[in-house]
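Some notes on the structure that comes next.
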There are 2 protein chains.
Amino acid sequence: MAKRANCKEKILDAAEAVVMEMGAVRMSLDVVAKKAGVSKGGLMYHFSTKKGLLKGMIERMVRQFFADREALVKEISPGKGRMLKAGILTALRPDEKRERMGLSILVVAAHDPELLKCLKDVHREHLKDMAASGLNLERAAIISLASDGLMLSEMLGMSPYSPSLKKKIMDTMVMMIEELESGKR
Amino acid sequence: MAKRANCKEKILDAAEAVVMEMGAVRMSLDVVAKKAGVSKGGLMYHFSTKKGLLKGMIERMVRQFFADREALVKEISPGKGRMLKAGILTALRPDEKRERMGLSILVVAAHDPELLKCLKDVHREHLKDMAASGLNLERAAIISLASDGLMLSEMLGMSPYSPSLKKKIMDTMVMMIEELESGKR
DNA sequence: GACACTGTACCGACCGGTCGGTATACTTAA
DNA sequence: TTAAGTATACCGACCGGTCGGTACAGTGTC
């Protein structure tokens with residue numbers, strides 16, 4: 001056969017869809033396989049354990065986040081806070097991809113929290129970038145954390161912010177980064 | 001008999017401990033019962049379904065958060081940002097109780113996300129308080145979100161911040177609230 | 001025939017939930 | 001005083017079903 005270079009992607013998509021529709025604890029291999037339109041054997045061929053599937057989910061998520069940020073950063077005028085802005089705008093962009101990203105974190109956290117260590121590495125690098133950017137570290141971290149908080153709250157379905165207020169908050173975040181850039185504090 | 005007013009509490013403690021030790025998906029009724037030192041039947045007597053147990057977990061968590069904040073707010077000098085400060089300091093106080101609080105959110109999110117709606121209500125009320133406080137709403141929200149972000153990141157084990165940096169970040173948050181109070185911004 | 005898969009049947013552990021039963025304390029009323 | 005009845009708290013065997021994982025016999029393509 002060999003026509004499926006994207007078979008793994010299809011399975012990963014299915015896994016996210018299952019989590020979205022049925023909840024994190026109900027993401028079993030059988031239902032993911034069915035959703036992806038492959039047999040259980042087929043799924044096991046690509047991901048030999050459930051842990052492998054979970055790992056595949058976060059790794060793809062991280063890859064996708066970096067790719068999206070990469071694409072966005074070009075549209076932002078240069079400055080010390082450019083990367084921070086791009087990160088926030090990427091994480092908070094209101095689309096289904098972003099929603100699925102949160103779900104991936106949730107399933108993995110529920111099943112095998114140690115797999116999230118790779119996200120810790122991502123955050124650590126992010127922190128290093130911030131420290132090197134010349135912005136006030138604590139204040140930059142707070143803005144970055146606020147973005148995480150908003151994303152995570154939405155993923156848990158407990159964000160009380162309307163889309164319009166969310167938009168205003170995002171604008172204010174960008175403004176605060178610019179204040180940091182100008183040293184105004 | 002009647003000596004056990006705290007039997008439910010004991011079970012809730014056990015449930016949190018199980019999540020902490022074994023992960024959210026492994027929190028089964030059998031192991032919670034064993035951990036609590038009661039039989040399965042005993043557990044089912046107090047919480048007739050798993051959903052009931054989960055509900056008990058978040059409800060206790062919310063109660064505890066408010067009680068702790070209530071106690072803390074008295075120690076903070078009056079001002080428009082008093083409640084916000086107390087909330088942040090309560091959510092971020094580094095102790096085991098706080099750690100367990102995050103875990104409760106995680107299990108519930110994994111098993112039955114709709115039970116988190118009560119947290120949405122809590123946040124909504126919090127937002128109303130902020131709007132009424134006279135502080136700049138977007139900026140106050142950002143600080144509050146940063147506190148959520150830090151707590152949630154820690155709960156997921158993906159916070160890259162050292163305790164000392166975390167402390168500095170918390171201090172900066174308090175400082176920013178005071179800037180907001182003085183209308184400097 | 002080697003490779004890249006698919007489909008299905010199956011395993012044992014574990015899941016949430018039920019059920020019949022027990023022990024103890026309190027209430028009632030003959 | 002005591003026997004009967006009621007309510008509360010708890011036990012643990014058990015049920016049907018689901019889980020992650022295995023085994024293996026195909027199947028179409030190079």
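Each chain gets a letter, A, B and so on, in the order the sequences are listed, and its residues count up from 1.
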- Message: How many whole angstroms separate atom CD1 of Ile11(A) from atom C1' of dG20(D)?
- Response: 16 Å
- Query: Expressed in angstrom and rounded to an integer, what is the separation of Asp30(A) atom CG from dT8(C) atom P?
  - Reply: 13 Å
- Can you check whether His46(B) has a side-chain N or O nearer than 4.0 Å to OP1 or OP2 of dC10(D)? yes
- Item | Salt-bridge present (Arg98(A), Asp95(A); N to O < 4.0 Å) | yes
- Query: Taking atom P of dC19(D) as reference, at what distance in whole Å does atom CG of Leu43(A) sit?
  - Reply: 13 Å
- Message: Any salt bridge linking Lys35(A) with Glu21(A)? Criterion: basic side-chain nitrogen under 4.0 Å from a carboxylate oxygen.
- Response: yes
- In terms of heavy-atom contacts, does NZ of Lys34(B) have more than 12 from other residues, nucleotides or ligands at under 6.0 Å? no
- Message: Using heavy-atom distances to pick each residue's nearest nucleotide on DNA chain D, tell me which of Gly37(B) and Thr49(A) is more 5'.
- Response: Gly37(B)
- Gly41(B) or His111(B): which one's nearest nucleotide on DNA chain C is closer to the 5' end? His111(B)
- Query: Between Phe47(B) (CZ) and dC10(D) (C1'), how many Å, whole number?
  - Reply: 15 Å
- Nucleotide nearest Met44(B) when distance is taken to its side chain, options dG17(C), dG21(D), dC10(D): dG17(C)
- Item | Tyr45(A) reachable from Leu54(A) in the ILVMFWY side-chain graph, under 4.5 Å edges | no
- Message: I need the CG-C1' distance between Leu53(A) and dG20(D), as an integer number of Å.
- Response: 12 Å
- Side-chain N or O of Ser39(A) closer than 4.0 Å to phosphate OP1/OP2 of dT6(C): no
- Query: Counting only distance, no hydrogens or angles, is the base of dG17(C) paired donor-acceptor with the side chain of Lys40(B) under 3.5 Å?
  - Reply: yes
- Roughly, in whole Å, what's the span from NZ in Lys10(A) to P in dC5(C)? 11 Å
- Are Val174(A) and Ile76(A) co-members of a hydrophobic cluster defined by side-chain heavy atoms under 4.5 Å apart? yes
- Could you state the CG-P distance from Leu29(B) to dC11(D), rounded to the nearest angstrom? 15 Å
- Relative to the 5' end of DNA chain C, which residue comes earlier, Val31(B) or Ser48(B), by the nucleotide with the nearest heavy atom? Val31(B)
- Separation of dC19(D) P from Lys50(A) NZ (nearest whole Å): 8 Å
- For dC10(D), take OP1 and OP2 only and decide whether either is under 4.0 Å from a side-chain N or O of Tyr45(B). no
